[in-house]
Asks: 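Submitted below is the structure of interest, expressed as structure tokens.
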Number of protein chains: 2
Amino acid sequence: MAKKNTLKYIILGLLEKQESTGYDIKKIFEDEIGEFWRSNHSQIYPELKKLEEQRLISFRVEIVGSKLEKKYYTITDEGKAELKEWIFAPTPELLATKDEFILKLYFIDNKEAGKLVKRFEEQIVLHQEKLEHLKFRMQTVFASQKEKELNYGHYLILDHAINREEGYLLWLKDQYIHIKKDE
Amino acid sequence: MAKKNTLKYIILGLLEKQESTGYDIKKIFEDEIGEFWRSNHSQIYPELKKLEEQRLISFRVEIVGSKLEKKYYTITDEGKAELKEWIFAPTPELLATKDEFILKLYFIDNKEAGKLVKRFEEQIVLHQEKLEHLKFRMQTVFASQKEKELNYGHYLILDHAINREEGYLLWLKDQYIHIKKDE
DNA sequence: CGAAACATGTAAGAAGTTACATGATTAC
DNA sequence: GTAATCATGTAACTTCTTACATGTTTCG
């Protein structure tokens, strides 16, 4: 069976939305889809090169300032076709969520649970901050209904991320109360 | 910065709970901690070998039947020390959850949202089944309070997984109603 | 006796991370 | 001018997946 290469489809999807440089794509990973997939620039640039060789994307060079060469990539019709296929195909495998903190809980000894109070406090702060950041983005990016309609997909994943974080936080706080009692 | 090698600590953690073979460990990944970390036997066996070389674990060979050699691994004191360090150390990095389905939603065109109705139905079934499986496990494994006290860590992560799936399902069903309207 | 599960490994390659490397532009 | 950010790449290494390879034991 062939490997998935999800990064390929993500890049195609981003380029269908708008012509972008590798750096732009890197930024979108950080800002918008990082909750659900991450990729470093050291993976993005080689993939762009590969996709261009496969004629799924093409690029033009723009000179910025006096010598900086920026490569603006665009999706080709062939690329669009492959993208559509991926988007509308079933997604039958539920990937395991790698959560190191929850995993650690599996290994704690009942007697030592009290030692984790600080760790729970840290996690609560981390997830609280993340949630607040996500909510702030929701407020600023989707201030008007028009924005929501214009980029419904972005709205959807932000909404999902917020929902997820709210659930996670509630669970954390709930457990925190329990272990705090036993301290 | 050194690499994490989380698998190392998971194996140490499992072996602290009980003496196990590589096959046992593989099973525990499938049955108990697969919601939060996965690993194939092709990664487990070499790692066991490595940990043994580092004297963090040791093994004895038991002959089963007439010729099958099973390797039972045990954690050493050195291994226990490293394990404790990992468990009680902060976990400051929130790993990105790779969720291919949610990611696809980011790329859908508003006009084409109706095409995703079937895909939402599939996801709902998948997550419903997963949730039911988790709940069934909760009922069977933690039938009594005693079981819960005996293996609190296992109870905690199962509870977390159930919580997560319930939230996910609610969100899916909510969105499903919305896209169904626009079909 | 046959199938399912148990049991242990290696090989090849893809995916992902961290570090190495370099330089330009912009905003203060 | 200088710091932050923009911008593009490669190298080395770890991690993860899939496939290859082989054989035993248990249960019906």
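First the proteins, then the strands, lettered A, B, ... as listed; each starts at 1.
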Asks: Send over the distance from I44(B) CD1 to dT10(C) C1', rounded to a whole Å.
Replies: 15 Å
Asks: Whole angstroms only, please: what is the CD1-P distance between I11(B) and dT15(D)?
Replies: 12 Å
Asks: Whole Å only: how far is the CG atom of L68(A) from the C1' atom of dG9(D)?
Replies: 13 Å
Asks: Could you tell me how far apart H41(A) (NE2) and dC20(C) (P) are, to the nearest whole angstrom?
Replies: 13 Å
Asks: Distance only, no hydrogens: is a donor on one side chain within 3.5 Å (strictly under) of an acceptor on the other, for E121(A) and Y176(A)?
Replies: yes
Asks: Consider only side-chain N and O atoms of H127(A) and R164(A), and report whether a donor and an acceptor are under 3.5 Å apart.
Replies: no
Asks: Can you find a side chain N or O atom of N40(B) that sits less than 4.0 Å from OP1 or OP2 on dC16(D)?
Replies: no
Asks: Between the side-chain atoms of T21(A) and the base atoms of dT8(D), is any donor-acceptor pair under 3.5 Å?
Replies: no
Asks: Please classify the nucleic acid contact of K49(B) as base, sugar-phosphate, or nothing, using heavy-atom distances under 4.0 Å.
Replies: sugar-phosphate
Asks: Would you say Y23(B) reaches dT8(C)'s phosphate, i.e. side-chain N/O to OP1/OP2 under 4.0 Å?
Replies: no
Asks: Fit a plane to each ring of W86(A) and Y9(A), take the angle between them on a 0 to 90° scale, and name the class: parallel (under 30°), tilted (30 to 60°) or perpendicular (over 60°).
Replies: parallel
Asks: Considering just the side-chain nitrogens and oxygens of Q43(A), establish if one lies under 4.0 Å of OP1 or OP2 belonging to dG16(C).
Replies: yes
Asks: Identify, between T6(A) and I63(A), the residue whose nearest nucleotide on DNA chain C lies closer to the 5' end.
Replies: T6(A)
Asks: Rounded off to whole Å, could you give me the CD-to-C1' distance for the E69(A) and dT25(C) pair?
Replies: 15 Å
Asks: For dT18(C), take OP1 and OP2 only and decide whether either is under 4.0 Å from a side-chain N or O of K4(B).
Replies: no
Asks: Looking for any heavy atom pair under 4.0 Å, which part of the strands does K98(B) touch: base, sugar-phosphate only, or nothing?
Replies: sugar-phosphate
Asks: Stepwise, does the side chain to side chain donor-acceptor pair (under 3.5 Å) test hold for N151(B) with K17(B)?
Replies: CA-CA 10 Å; N151(B) 207 338; K17(B) 279 178 189 273; 3.2 Å; yes
Asks: Would you mind reading off the distance between E93(A) atom CD and dT18(D) atom P, rounded to a whole angstrom?
Replies: 9 Å
Asks: Nearest whole angstrom, please: distance from the C1' of dC6(D) to the CD of E62(A).
Replies: 14 Å
Asks: The side chain of K71(B) is closest to which nucleotide in this list: dT8(C), dT10(D), dA7(D)?
Replies: dT8(C)
Asks: Taking the nucleotide of DNA chain C with the closest heavy atom to each, which residue, S66(A) or E47(A), is nearer the 5' end?
Replies: E47(A)
Asks: Measuring to OP1 and OP2 of dG9(D), would you say a side-chain N or O of S42(A) lies under 4.0 angstrom away?
Replies: no
Asks: Which of the following nucleotides, dT25(D), dC6(C), dA7(D), is nearest to the side chain of K70(A)?
Replies: dA7(D)
Asks: Using the side-chain heavy atoms of Y45(A), tell me which of these nucleotides is nearest: dA7(D), dT8(C), dA7(C).
Replies: dA7(D)
Asks: Taking the six-membered ring where the residue is Trp, are the ring centres of Y72(B) and F59(B) under 6.0 Å apart?
Replies: no
Asks: Of all the nucleotides listed (dT8(D), dC16(D), dC6(D)), which has the minimum atom distance to the side chain of K27(A)?
Replies: dC6(D)
Asks: Check the distance between dA7(D)'s P and Y72(A)'s OH and give it to me in whole angstrom.
Replies: 6 Å
Asks: State, without any angle test, whether W37(B) and D99(A) hold a side-chain donor-acceptor pair at a distance under 3.5 Å.
Replies: no
